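Here the structure comes first, spelled out in structure tokens, and everything after it is commentary.
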4 protein chains.
Amino acid sequence: MSHTIRQKAKLLNRVRRIRGQVDAIERALESEAGCEQVLHVVAGCRGALNGLLGEVVQEHIQSHLVEPLKGKNPMAADAAEELADVFRSYFK
Amino acid sequence: MSHTIRQKAKLLNRVRRIRGQVDAIERALESEAGCEQVLHVVAGCRGALNGLLGEVVQEHIQSHLVEPLKGKNPMAADAAEELADVFRSYFK
Amino acid sequence: MSHTIRQKAKLLNRVRRIRGQVDAIERALESEAGCEQVLHVVAGCRGALNGLLGEVVQEHIQSHLVEPLKGKNPMAADAAEELADVFRSYFK
Amino acid sequence: MSHTIRQKAKLLNRVRRIRGQVDAIERALESEAGCEQVLHVVAGCRGALNGLLGEVVQEHIQSHLVEPLKGKNPMAADAAEELADVFRSYFK
């Protein structure tokens, strides 16, 4: 079972919170709120999406590469783990 | 008039496209599409938000700092322009 | 006095540590160390440079925009402060 | 043979150019050049390191995951290719 199916409920919650943030950007623009408010919600939404992408990528590496390769191809499993480390330093 | 009000229609279009991408992430998760499809739409959505933030930041710098300071405080206007350059290298 | 002159000693220390990291990348390549070591030192060096750029940008905003504009042009000073917040969320 | 050994000469050239950029940051600070020059060379150096990391990561994925897994484990090879796409959108 794919990791995005296994974690469907958790990921859907995250995506709905992000949609709430996108709606907040729309309201700030519609209501002609000050640009500092627009900047703030856009930056926050970008951070949330960064976090979502980071989580899906880590799960992708673990469930499609590290786990299935550990037994059969330890070198490839290590190479995948090293990628996970580099990616983690990106999605702080 | 704030830049986000002056560009309200254009920014609202962009935000609605982003919401469409967020909806696409939700559909991919709901329909239990493969994780590669989820990865792809999340990465695309993040890129779009990056672009939106980059645009709002550049307008913020131009309309609140560079334009009003050019005549009265050219050093501060130059400093703001230099920031715009650094930021631009970030929001490619 | 420009902030990069005022903080010359501190910034030079940081740059010399970064050069040490760049030298470490060179040694890892020269000595044909495993690619995981090369990946690790390159990712670390990039993080250090990100931090350096973040610090210089924040000082640039404070000393050329927020400080000099506070008294004369509070709206512009606020706009600069808002930029500092957005940038801070970038250079974690 | 590891990809960083196979591409040793090319990667060493890149690292030496980056060290030249780090030296340029040091000179700009030592000579008390204006902060806009320091900002400019730091941002440029960060971009070069980003590019180096992107290249080493792509080679890492291709030579340790996609190539060796293609024949034996096509699902894992596809998962690795999808990672390469996401990473590519990062290291523009």
Side-chain angles (χ1 to χ4, degrees), chain C residues 1-65 67-68 87 90-91, chain D residues 1-65 67-68 87 90-91:
Chain C
M1 177 193 283
S2 161
H3 55 97
T4 49
I5 297 169
R6 203 174 57 237
Q7 303 194 317
K8 181 174 172 178
K10 189 177 83 164
L11 291 171
L12 276 171
N13 280 340
R14 255 182 117 147
V15 171
R16 286 168 185 150
R17 280 202 302 275
I18 288 171
R19 197 175 52 199
Q21 290 176 286
V22 174
D23 291 345
I25 301 171
E26 190 173 14
R27 281 195 306 275
L29 288 168
E30 289 275 16
S31 64
E32 302 191 357
C35 58
E36 74 284 359
Q37 196 183 328
V38 173
L39 259 177
H40 185 69
V41 280
V42 172
C45 192
R46 184 199 157 269
L49 249 159
N50 234 26
L52 175 65
L53 185 58
E55 180 162 327
V56 175
V57 162
Q58 290 298 336
E59 280 297 330
H60 190 80
I61 293 173
Q62 294 304 323
S63 62
H64 290 300
L65 295 168
E67 294 309 324
F87 242 119
Y90 251 82
F91 292 112
Chain D
M1 177 194 281
S2 161
H3 55 97
T4 49
I5 297 170
R6 204 175 56 236
Q7 303 195 317
K8 182 174 172 177
K10 189 176 82 165
L11 291 172
L12 276 171
N13 280 340
R14 255 184 116 148
V15 172
R16 284 167 186 151
R17 280 203 302 276
I18 288 172
R19 198 175 55 199
Q21 290 176 286
V22 174
D23 293 344
I25 301 171
E26 190 172 15
R27 280 195 306 275
L29 289 168
E30 289 275 16
S31 64
E32 302 190 356
C35 59
E36 72 285 359
Q37 197 183 329
V38 173
L39 258 177
H40 185 69
V41 279
V42 173
C45 192
R46 184 200 157 268
L49 252 158
N50 233 27
L52 175 65
L53 186 57
E55 180 163 325
V56 175
V57 162
Q58 291 297 338
E59 280 296 329
H60 190 78
I61 294 174
Q62 295 304 323
S63 61
H64 290 299
L65 295 168
E67 294 309 324
F87 238 119
Y90 251 82
F91 292 111

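Note that the structure is a prediction, hence the values are computed from the model and not measured. Values below: every heavy atom of this structure, side chains too, minus hydrogens, waters and symmetry copies. Below, chains carry the letters A, B, ... as their sequence lines are ordered, and counting in each starts from 1.
Contacts between C:V15 and chain D at a heavy-atom distance below 4.5 Å involve backbone atoms as well as side-chain atoms. Neither the backbone nor the side chain of D:Q7 comes within contact range of chain C; no heavy atom of the residue lies under 4.5 Å from a heavy atom of that chain. Interface residue C:E30: backbone and side-chain heavy atoms are both found under 4.5 Å from chain D. Of the two parts of D:A48, neither the backbone nor the side chain holds a non-hydrogen atom closer than 4.5 Å to a non-hydrogen atom of chain C.
The environment of D:H3 atom NE2 is dense: over 12 non-hydrogen atoms of other residues, nucleotides or ligands sit within 6.0 angstrom. The number of heavy atoms from other shown groups lying within 6.0 Å of CD (D:Q62) is above 12.
Residues D:C45 and C:L49 share a closest heavy-atom pair of SG-CD1, 3.6 Å.
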*Could you walk me through whether C:C35 and D:E59 pass the side-chain contact (heavy atoms from CB on, under 4.5 Å) test, one step at a time?*
CA-CA 10 Å; C:C35 58; D:E59 280 296 329; over 6 Å; no
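Most heavy-atom pairs under 4.5 Å with chain C: of the set D:L12, D:L52, D:V22, this distinction falls to D:L12. Heavy-atom pairs under 4.5 Å with chain D were tallied for C:I18, C:V56, C:D23; the largest tally goes to C:D23. Listed options D:L11, D:L39, D:V38, D:I25 were ranked by heavy-atom pairs under 4.5 angstrom with chain C; first place goes to D:L39.
To the nearest 0.5 angstrom, C:S2 atom OG is 9.0 Å from D:E32 atom CD.
Proximity of C:L29 to D:I5: side-chain heavy atoms (C-beta onward) are nowhere separated by under 4.5 Å.
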